[in-house]
Participant: 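Mind looking over this structure? Questions follow.
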Amino acid sequence: MDEDLKVSRRQFMKISGVVAGGAMTASGCLRLSNLTTSEKGRETERGEWKHTACAMCLMCPMQAKVKKGKIVDVKGEGILPWDGKICAKAYGGIWGRVYAPDRILHPLKRVGKRGEGKFVRCSWEEVINAVANKIKKYREEGNPEAFETWWGCPVQTDNMYFLHYFARITGTGISYMHGQICFGDHSAEKAVSFGSNHMGPLMTGCADYMNTKYAVIAAQNFPGTVFAPGTAFGSAAFYQLFLKARENGFQYTTVDPKLGDSAAMADDWLPIKPGSDGAFAMAVANILIKEKLYDEDFLLNFTNAPQLIRADNLAAVKDEKNRYLTWNIKTQSAVPMGAAGEATDITLGNGESFSVDGVACKTALQLFAEEAAKFPADQAAKICNIPYSGDRIEQIAFRLGNNKPAVLFYPGFTTGRYSNWFQVLRAYSTVNMLLGNFEKPGGWYFPKHGFSGGTGWPEPPEVPEYPNPGLKVVPAPWGNKMSITSRDKAPCYSSPREFHPATQALPWEHFGDMKKGKLKALFSTAENSAITQVDTALVYECIDKLELIIVGEQVPKEFVELADYVIPEASYVERNHLYSFTALAQDGQEHAMALMRSAAIPAVGESKPVSWFLTEVGKKLGLGPYFANLDLQYGWWDRILKKANVPVDSRHIVKNGPYVESFALNYDMRIKPIDTRSGRFEMYSNDLSEECYNNSKSRWHQSVYVHPIPLNIPIAGPKADDEFYLVSGKASWHQKNATQNNRVLMEDGIEGGCPYTPLYLNSDRAGKLGLKEGDEVEIQCVGPTKAEDPCVDDDSVLGYKQTLRIHLTEALQPDTAWTHFAAGHRSKLMLKKVTEGVLHSAFVPLSIEPYAGGCGKNYSIVKLTKKEG
Amino acid sequence: MRYGMAIDLDRCIRCRTCYVICKVMHDIPNQFEAGKKYTRLRFIEPEIGTYPNVHRHFLPIHCMQCDNPACVAVCPSNALTIDDNNLIRFDRTKCIGCGACVEACPYNARYLNEEKGIADGCDFCADRVAEGKQPWCVERCIGNAIVFGDLDDPDSEVSKTIRNTQGEPLSPEFGTKPKIFYGNMNGLSKISGLGAMKHG
């Protein structure tokens with residue numbers, strides 16, 4: 001290992017050492033705000049209500065009352081499902097972020113060493129020039145992609161479409177889309193299992209909750225931490241659906257190592273050992289199959305359960321016209337598998353085998369049944385360390401089977417927690433296929449209406465012909481477009497595909513390029529990606545090699561500390577952005593809507609929208625004709641609205657609030673074509689078989705991680721009495737990066753019985769280690785190592801230690817040490833309280849999940865030692 | 001007229017909106033600026049049972065606006081009185097900051113603002129009620145879990161809610177006759193002293 005890497009890692013460790021227990025003073029340059037939190041909601045009678053949107057978890061449309069240029073109150077829009085309500089985080093966003101006393105108000109330039117957090121004020125001109133000069137240099141050298149933009153959660157980022165446009169025009173790169181650590185492999189799995197036309201609503205949990213009788217919700221602090229743009233938009237709306245659903249008889253089981261703060265409202269809790277969820281899902285599937293509780297009609301018509309697969313090598317059998325085959329029971333021969341909805345005389349082949357041209361075959365369902373049969377309930381209960389007999393799993397399976405289709409079996413929204421998570425998701429998806437709970441009352445629902453208007457990119461003659469007209473662009477997250485040659489997309493379009501195109505980004509690609517000096521400078525907006533990516537030691541090591549780091553933020557965080565320049569970003573109520581989605585509401589209708597985040601107040605201090613900043617950079621690069629005349633606050637969005645056939649423009653929406661069209665639900669599986677290789681939902685994935693498992697050219701050839709039939713893959717685990725899985729989870733009042741270091745939401749009083757910063761341990765397990773409530777412990781990362789798990793790509797974090805206090809609870813599975821997500825930070829510039837929690841990412845080695853691209857976000861094993869004295 | 005509240009624990013979705021709206025609208029100093037933990041509204045989350053048969057409940061606790069208030073009884077300066085609507089009125093100008101009311105309240109509902117040198121606590125947003133409005137927490141509660149109104153009117157929303165949700169006072173054994181009734185308590189009322197529970 002070279003000296004540079006050693007120094008960088010030491011620097012990271014040193015930063016941690018300096019701040020632990022140290023006094024918290026922000027540099028003078030960062031406490032420039034004269035807006036104190038004492039200027040709050042007094043005299044709220046006068047003032048004007050303006051339409052905008054929150055950004056503290058998703059983008060609930062929100063009204064902000066503005067009096068003398070200041071926001072004095074916020075509330076929800078009157079439309080369903082919000083019905084005038086907005087949640088605690090919205091208030092936190094205004095008084096804890098927009099008006100935070102340490103809000104960054106001016107462009108800043110680093111003085112001293114990187115990471116010291118010492119800055120002086122500088123001009124916008126200086127930062128614009130610094131960035132433009134760098135990009136100009138790389139362009140002249142023929143490597144514009146040496147500069148990259150990293151962007152954050154789409155609901156926080158200023159005009160994500162414009163960021164991609166900027167990359168397209170300048171040739172710079174764009175990666176680290178937040179999506180990879182949010183839902184990266186989940187989008188890939190849903191695309192693989194259900195096709196691109198159905199993946200979105202299934203990933204986000206879009207369901208007809210008004211009629212749902214029973215749901216199994218895993219790995220999600222439900223309903224408080226919910227991401228369901230297909231049903232609602234943010235907690236404030238979903239809570240209301242949840243309560244109405246409860247009135248209608250909705251019940252649910254939470255499957256989770258921890259009984260989450262909001263999930264504590266569940267009707268029952270199934271504690272589960274981290275990473276063992278595949279065994280649970282397969283056990284449920286086994287019971288549904290054995291007891292014939294599956295929906296035969298749905299399987300025959302809309303899934304590839306009846307598809308014939310070679311028993312020897314798991315490749316699909318095809319005819320001379322390359323068509324997938326099924327078995328016709330009348331003709332007793334293999335016939336082409338019909339399109340979705342065509343199922344005459346074909347069989348599920350449960351318990352049977354067939355011969356096609358002398359080759360022994362079985363149906364996809366039969367192969368899946370054989371895999372599921374390896375998990376009888378009692379055995380699964382042992383694997384999952386469930387503190388009950390297998391009867392509990394049987395109860396769940398029977399409850400699902402007997403109440404179908406008004407049931408849901410949901411694996412949680414967020415992305416690859418462990419290296420095996422893609423197969424866990426596949427198993428969950430297949431259970432839903434067995435239940436046939438699609439497009440029926442109470443089941444999964446695909447909205448039939450919506451406003452989809454593309455990226456809003458300006459086109460000739462409004463701007464000149466794009467440079468490199470031959471450059472191929474491919475779909476990128478959230479309807480964006482990216483160059484096919486980009487770091488995160490090239491591996492998705494190789495032959496065979498190394499990663500699925502629906503995965504969001506491939507972090508190891510940019511880490512690799514940073515180490516090799518191919519990625520030299522970056523601008524990061526709306527994300528604290530120094531610590532939101534896993535494997536913090538590797539991240540710091542790589543970032544330290546960069547020639548230039550520009551960070552856009554509103555409040556100080558780790559990435560701000562590492563920046564060469566900091567730019568004050570206009571907050572989410574100081575600029576315009578269009579969002580469109582369809583919500584299912586408590587009135588039982590679907591509501592297609594277009595809403596605008598808007599500048600309810602002028603940008604605070606010298607802050608500016610990021611899109612303005614990059615426009616200025618673009619002009620400095622001599623690309624004025626592409627940037628000079630863009631109307632980023634209205635014109636951009638009007639292009640999208642027009643293409644989406646919305647009859648009003650962005651100014652109308654800003655003035656009058658969201659544009660909504662409401663429709664009755666229309667349950668019909670035939671409306672949207674299924675965009676998989678077979679044209680059916682796939683329990684046997686033809687994509688996995690042909691791109692990976694049975695493709696001798698594939699990096700993943702014959703790997704269990706891309707097995708076309710779902711299966712359970714054990715992960716590495718604790719090996720001693722003092723070792724635990726380190727798991728992070730969410731609280732309903734702390735959603736993500738944006739809610740961190742927020743003085744309104746971080747008060748002790750808001751926590752109730754869920755203290756934010758300690759490490760949680762199961763009371764009994766802690767007792768056996770001689771630990772009491774409030775004791776100080778040291779945790780040290782001991783795994784997973786490369787030797788233990790083939791997916792681990794970098795384990796620089798092994799040995800990383802932290803000291804903190806513990807909190808004992810009965811509501812935690814004993815193999816687990818649990819921390820609130822993003823509860824711990826190392827920045828000198830943040831509230832001292834946030835430095836008391838676990839810096840979770842610093843304990844997570846980087847894994848590469850084959851094909852789906854998950855990065856093992858929760859996959860960490862720690863050793864725990866009591867601190868004496 | 002006796003103003004009171006019903007809080008339906010089946011409709012409280014633990015979102016913390018009531019906590020935040022109260023702090024913001026009543027300008028209660030932030031913990032990180034004042035260096036003290038001031039709040040008119042607190043939460044208790046009793047964890048009942050042992051792993052894996054454990055339930056975690058959640059109760060918001062305001063000032064209970066008791067009919068036999070311990071705080072009024074101990075106030076030496078007559079800053080705390082009972083008005084015609086059976087609401088506890090607090091006259092800041094008379095408060096001497098002795099902290100007796102803070103100590104006396106069995107629900108730990110009051111606090112002493114050390115910078116201002118006076119006590120504070122939930123007054124059911126008395127100023128808003130005087131104008132015919134609802135308390136902030138009632139208006140902004142996402143679950144519509146908190147209902148406010150006249151307990152003496154059997155047809156009021158609050159009275160109906162108490163009947164429909166089997167509303168009970170929290171820790172009646174304290175003897176202060178609280179006027180907040182919790183619906184769907186599911187056995188919590190049997191836990192002695194729960195109203196005094198604190199975390200941390």
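Convention: sequence-line order gives letters A, B, ...; per-chain numbering from 1. Quick note: numbers below take in every heavy atom, side chains included, and nothing from hydrogens, waters or symmetry partners.
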Participant: Check whether P755(A) gets within reach of chain B through its side chain, its backbone, both or neither, counting any heavy atom under 4.5 Å.
Facilitator: neither
Participant: If every non-hydrogen atom of L243(A) is compared with every non-hydrogen atom of I13(B), which pair is closest and at what distance?
Facilitator: CD2-CG2, 4.0 Å
Participant: Does a side-chain N-to-carboxylate-O contact under 4.0 Å join R743(A) and E33(B)?
Facilitator: yes
Participant: So, the side chain of E810(A) versus the backbone of T50(B): is there a donor-acceptor pair under 3.5 Å, distance only?
Facilitator: no
Participant: Please find the pair of heavy atoms, one from F43(B) and one from G749(A), that lie closest to each other, and give the distance.
Facilitator: CD1-O, 3.7 Å
Participant: Is the backbone N or O of I750(A) less than 3.5 Å from a side-chain atom of R16(B), with the two atoms forming a donor-acceptor pair by type?
Facilitator: yes
Participant: Once you round to the nearest 0.5 Å, how far does SG of C22(B) lie from OH of Y91(A)?
Facilitator: 12.0 Å
Participant: Of the backbone (N, CA, C, O) and the side chain (C-beta and beyond), which part of D268(A) lies under 4.5 Å from a heavy atom of chain B, both, or neither?
Facilitator: neither
Participant: Find the one option among S732(A), G774(A), P271(A), P758(A) whose heavy-atom pairs under 4.5 Å with chain B are most numerous.
Facilitator: P271(A)
Participant: Among G76(A), A264(A), S235(A), A731(A), single out the residue with the greatest number of heavy-atom pairs under 4.5 Å to chain B.
Facilitator: A264(A)
Participant: State the CD-OG distance between E47(B) and S763(A), to the nearest 0.5 angstrom.
Facilitator: 6.5 Å
Participant: Would you say R92(B) has more than 12 foreign heavy atoms packed within less than 6.0 Å of its CZ?
Facilitator: no
Participant: Using only heavy-atom distances, determine whether the side chains of Q813(A) and Y51(B) contain a donor-acceptor pair under 3.5 Å.
Facilitator: no
Participant: Does C754(A) form a side chain to side chain contact (heavy atoms under 4.5 Å, CB included) with R56(B)? I'd like the steps, not just the answer.
Facilitator: CA-CA 10 Å; C754(A) 300; R56(B) 199 172 55 248; 4.2 Å; yes
Participant: Atom NE2 in H57(B), atom CE in M265(A): separation rounded to 0.5 Å?
Facilitator: 13.0 Å
Participant: Would you mind checking which part of L812(A) comes under 4.5 Å of any heavy atom in chain B, side chain (CB onward), backbone (N, CA, C, O), both or neither?
Facilitator: backbone
Participant: Is there a side chain to side chain contact (heavy atoms under 4.5 Å, CB included) between D73(A) and M25(B)? Walk through the geometry before answering.
Facilitator: CA-CA 8 Å; D73(A) 192 8; M25(B) 293 307 182; 2.9 Å; yes
Participant: Taking atom SG of C15(B) and atom NZ of K89(A), what is their separation to the nearest 0.5 Å?
Facilitator: 8.5 Å
Participant: Run the side chain to side chain contact (heavy atoms under 4.5 Å, CB included) check on V54(B) and W269(A) step by step: do they pass?
Facilitator: CA-CA 9 Å; V54(B) 54; W269(A) 172 41; 3.5 Å; yes
Participant: Where on C18(B) is there a heavy atom nearer than 4.5 Å to chain A: the side chain, the backbone, both, or neither?
Facilitator: neither
Participant: Can you tell me if R14(B) uses its side chain to pair, donor with acceptor, with the backbone of A263(A) under 3.5 Å?
Facilitator: no
Participant: Would you check if the side chain of T17(B) reaches a backbone N or O of A88(A) as a donor-acceptor pair within less than 3.5 Å?
Facilitator: yes
Participant: Y38(B) and E747(A): which non-hydrogen atoms are nearest, and at how many Å?
Facilitator: O-OE1, 4.4 Å
Participant: Looking at every heavy atom in both E45(B) and G753(A), which two are closest together, and how far apart are they?
Facilitator: OE2-N, 2.7 Å
Participant: Against chain A, label I44(B) side chain, backbone, both or neither, depending on which of its atoms sit under 4.5 Å from a heavy atom there.
Facilitator: neither
Participant: Can you tell if the side chain of N53(B) reaches within under 4.5 Å of the side chain of Y388(A), non-hydrogen atoms only?
Facilitator: yes
Participant: I'd like to know if E139(B) and K75(A) make a salt bridge, using a cut-off of under 4.0 Å between side-chain N and carboxylate O.
Facilitator: no
Participant: Side chain, backbone, both or neither: which part of E751(A) has a heavy atom under 4.5 Å from chain B?
Facilitator: backbone
Participant: For atom NE2 of H55(B), is the number of surrounding heavy atoms from other residues, nucleotides or ligands below 6.0 Å larger than 12?
Facilitator: no
Participant: Please rank I86(A), D764(A), D83(A) by heavy-atom pairs under 4.5 Å with chain B and give me the top one.
Facilitator: I86(A)
Participant: What part of C12(B) gets closer than 4.5 Å to chain A, counting heavy atoms only: side chain, backbone, both or neither?
Facilitator: backbone
Participant: May I ask you to say whether R42(B) pairs ionically with D748(A), meaning some side-chain N is under 4.0 Å from a carboxylate O?
Facilitator: no
Participant: For W95(A) and K23(B), run side chain to side chain contact (heavy atoms under 4.5 Å, CB included): C-alpha distance rounded to whole Å, both residues' side-chain angles, the deciding distance at 0.1 Å, then the answer.
Facilitator: CA-CA 11 Å; W95(A) 286 281; K23(B) 288 222 60 165; over 6 Å; no
